[in-house]
Amino acid sequence: MDSSKAFIEINKSDIISQEDYEKLYALNNEHVMRIVNEFIEVCRPSKVTVITDSKEDIQYVREKCIEIGEEARLSTKGHTVHFDGFFNIKNHDQARDKENTRVLVPEGEYTSPWINTIERKKGLEEIFDIMEGCMEGHECLVRFFCLGPKNSKFSILALQLTDSFYVAHSEDLLYRKGYEEFKKLNGSDNFFYFIHSSGELIGDPPITKNLDKRRVYVDLEENRVLSVNNQYAGNSLGLKKLALRLAIHKAENENWLAEHFFLLGVHPKDKERVTYFCGAYPSGCGKTSTAMLPNQTIVGDDIAYLRQWEDGYCHAVNIEGGVFGIIKDVNPEHDPVIYEAITTPKEVIFSNVLIYDGNPYWLGMGKKIPETGLNFSGEWFKGKNDENGIKITPAHPNARYTVRIEELENADPNFHNPDGVPLHAIFYGGRDSDTMPPILESLNWEHGVFLGASIESETTAQTLGKTGVRSVSTMANLDFIVIPLSKYLDNYKNFGNSLEHPPKVFATNYFLKDANGKFLNGMLDKMIWVMWAEGRSHGEFEAVNTPIGYLPKYEDLKRLFQLYLNKEYKQEDYEVQFSLRTEHLLEKLERIENLYSKEENMPEFFWKILKEERKKLIEMQAQYGKKIIKPSEIQ
Ligand code: SPV
Ligand code: MN
């Protein structure tokens, strides 16, 4: 069938104007035509609007967001607010829906036990059934983006169909425009595509009614994700975590990496250089505060693509153009850059915050929060409970801000560089109160991969359930890894091994506590660990060689504490923070072993490192005749 002809018939049916049709036609891409045509038939929108890169088209999206109530204007110029669906504390759309996000897998294909899957044919039948007529009475927007800088080997183009103006607007702040880039495809189907619908809406502001029919299905075979009956950006925005899943799959076959990484430019005070780091941290482990360290520059805060480069280094780009950040605890003291950025006139979308008198309020903002207002539950007042008697906080803990990176005063000048930035180090950040030291460097690349695969985070009082429960998230990417973990780790190993200068790998733990439950480090100490790593990645400091990795030496840290924090760092603090807690380290190895034994065909190097580390720790216990060994005692 000639798909462009079939599309022309839709055109006659009056749901797309001649002008919009021509915008599509100008791309000269039959695949785009086929996709638009197919999903118009399935979703049955009442109107189709094509958004190009032009100012007018984008302004149309902004204005329509307000007109239909998906966003409301706030007092500060450029600020708007959006609410995602909420019925009660247990039934809402305020976070990623892990249960209903599934990878479509052909029958009989192996997947890791932790990947949520559905047999492909069955899954497609189910979601197409749900999507039947899901855009009825809605306008469908067709948008084009570029994941990564323009004219770059890293970048992947993406087509988004959505009936949510909020989604289309957010993507405008979070991604680079791609309509003109699609023309350069020369008719190829080398792009990702995303179909999203909020589904039937109720209320004012309008929210998704049928959350029980919320589905996000990842179709690796077609490089597409179908998402329906949701609004929260982590579920609805194709280009964010949905595209990350497709990219991980694509990268696997092409020898590059798609990672849940921030990208940071580190600028040591006493050197004329910038050193680029990336890092992956499970949520609540200090990712944003590391990416936003004072006096450093940010390239990205969430997703990066990494490739081998001609100079022998691994280069990376931020595939996004903005930040969709957790707003909780953003205050002038802890996040001065972000606080300033989101409290001054510029385009910012707030979501799921409290609105009072045209201003947004959130938890931990360092300011008194009003006792009434509009929030994710509707009209809110202090003491309001949901229908099950559970307290509703003034703003949601996962309330967010959306802002362009270039609007931040610490945006890195290489942000749009098509060659990306050369990476000298990878940080993996965990959270535990009693096991890992504040920072250590891996013994080599493969050991670094092992470290990344072993990051654990501990539940805190802020999350529901028992505190202190540890869970492993492979490279903090586990929610998005759609290929077997064994393959993912093997690729990682091979990727680094094929580099002339593989990045050094560091593991951080900002959350060590003493016996009384008091944190052993201050919030700002992470600056010192980052600067130590910066020096190490240029071969500058000596280190203590231990079975778990290289530890800093006291004298170097003392100097760095003085230089950056003007603080006296005591030897006794160093000895406690960097002691090898061998019993806890052995318990951690056991947890890692138990978890990864569930995976088939784990690469050999992984078990070899694990066994060797265990053997050496046991030997050390015998050699030193104790279980906690101070760094100064280690020869
Ligand atoms: C995360 O949860 O890792 C985020 C926000 O960055 S989301 O868009 O929900 O993935
Ligand atoms: Mn993320």
Side-chain angles (χ1 to χ4, degrees), residues 81-99 170 205 207 211 230-237 240-241 260 281-289 291-292 301-302 323-335 338-339 342-343 348-356 359-403 429 431 457-469 471 473 476 479 510-511 523:
V81 62
H82 162 83
F83 291 105
D84 295 307
F86 178 86
F87 297 105
N88 58 55
I89 301 285
K90 293 207 174 103
N91 185 18
H92 59 76
D93 192 45
Q94 309 277 319
R96 277 188 274 116
D97 180 0
K98 295 190 196 183
E99 205 178 307
S170 296
I207 57 162
L211 290 182
N230 61 62
Q231 294 167 296
Y232 172 69
N235 297 321
S236 59
L237 263 66
K240 203 167 188 46
K241 294 310 189 332
H260 196 195
Y281 293 54
S283 65
C285 294
K287 187 180 184 188
T288 311
S289 52
M292 287 286 166
D301 84 314
D302 201 32
V323 178
F324 174 62
I326 295 183
I327 200 165
K328 180 168 176 282
D329 295 330
V330 171
N331 56 54
E333 196 194 337
H334 293 144
D335 284 298
I338 293 282
Y339 189 84
I342 65 176
T343 51
V348 183
I349 309 172
F350 294 86
S351 53
N352 307 319
V353 293
L354 176 73
I355 303 298
Y356 179 80
N359 293 312
Y361 294 87
W362 56 90
L363 308 175
M365 72 188 295
K367 217 163 134 176
K368 194 170 176 310
I369 298 183
E371 300 194 349
T372 57
L374 184 70
N375 81 352
F376 54 95
S377 73
E379 286 302 330
W380 177 85
F381 49 88
K382 199 174 172 185
K384 184 177 180 184
N385 290 339
D386 79 356
E387 64 198 29
N388 303 314
I390 303 175
K391 184 179 160 225
I392 298 174
T393 49
H396 197 276
N398 195 28
R400 301 250 170 182
Y401 60 86
T402 302
V403 67
R431 171 193 274 268
S457 62
E458 201 171 81
T459 50
T460 65
Q462 282 170 7
T463 47
L464 293 175
K466 233 175 118 197
T467 58
V469 178
S471 57
S473 175
D479 284 350
Y510 304 147
F511 305 95
M523 287 280 283

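- Ile89 contributes atom CD1, which lies 8.0 Å from atom OG of Ser377 (distance to the nearest 0.5 angstrom).
- In this structure, OH in Tyr281 is found 10.5 Å from OG1 in Thr288, a value given to the nearest 0.5 Å.
- Tyr510 and Gly286 get closest at one heavy-atom pair: CE1-O, 4.0 Å.
- With a 4.5 Å cut-off on side-chain heavy atoms, Thr372 and Lys382 do not count as touching.
- The closest side-chain heavy-atom distance from Phe86 to Asn352 is not below 4.5 Å.
- Counting heavy atoms of neighbouring residues, nucleotides and ligands inside a 6.0 Å radius, atom OH of Tyr356 does not exceed 12 of them.
- The CZ atom of Arg96 sits 5.5 Å away from atom NZ of Lys241, with the distance rounded to the nearest 0.5 Å.
- Side-chain contact between Ser351 and Thr402 is absent, with no heavy-atom pair separated by less than 4.5 Å.
- Note that the CD1 atom of Ile326 and the CG atom of Asp301 stand 10.0 Å from one another [nearest 0.5 Å].
- Side-chain contact of Asn88 with Glu387: a donor-acceptor pair under 3.5 Å is present, judged by distance alone.
- Without hydrogens or angle criteria, Lys240 side chain to Asp302 main chain gives no donor-acceptor distance under 3.5 Å.
- A distance-only check finds no donor-acceptor pair linking the side chain of Trp380 to the backbone of Leu354 [under 3.5 Å].
- With rounding to the nearest 0.5 Å, the separation of CD in Glu458 from CZ in Phe511 is 10.0 Å.
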Name the atoms and distances for all side-chain donor-acceptor pairs under 3.5 Å in residues 362-371, with sequence neighbours left out.
residue, atom, partner, partner atom, Å
Trp362, NE1, Ile327, O, 3.3
Trp362, NE1, Val330, O, 2.9

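- Side-chain contact between His260 and Lys287 is present, with heavy atoms from C-beta onward closer than 4.5 Å.
- With ring centers used as reference points, Tyr232 lies under 6.0 Å from Phe324.
- For the pair Val81/Val353, a side-chain contact is recorded, criterion being any heavy-atom separation below 4.5 Å from C-beta on.
- Here the side chains of Ile392 and Phe376 are in contact, with some heavy-atom distance below 4.5 Å.
- Looking at residues two or more places apart in sequence or on another chain, you find a side-chain hydrogen bond (donor to acceptor under 3.5 Å, both in side chains) between Asp93 and Arg214, Asn235.
- Partners of His82 according to the side-chain hydrogen bond (donor to acceptor under 3.5 Å, both in side chains) rule, which considers only residues two or more places apart in sequence or in another chain, are Asp84.
- Ion pairing between Lys90 and Asp386 fails under the 4.0 Å rule for side-chain N and carboxylate O.
- Taken to the nearest 0.5 Å, the CD atom of Gln231 stands 9.5 Å off from the CD atom of Gln94.
- Closest approach of Gly429 and Cys285 over heavy atoms only: O-CB, 3.9 Å.
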Begin from the C-alpha positions of Ile355 and Phe83 and carry the test side-chain contact (heavy atoms from CB on, under 4.5 Å) through to its verdict.
-> CA-CA 11 Å; Ile355 303 298; Phe83 291 105; 4.1 Å; yes
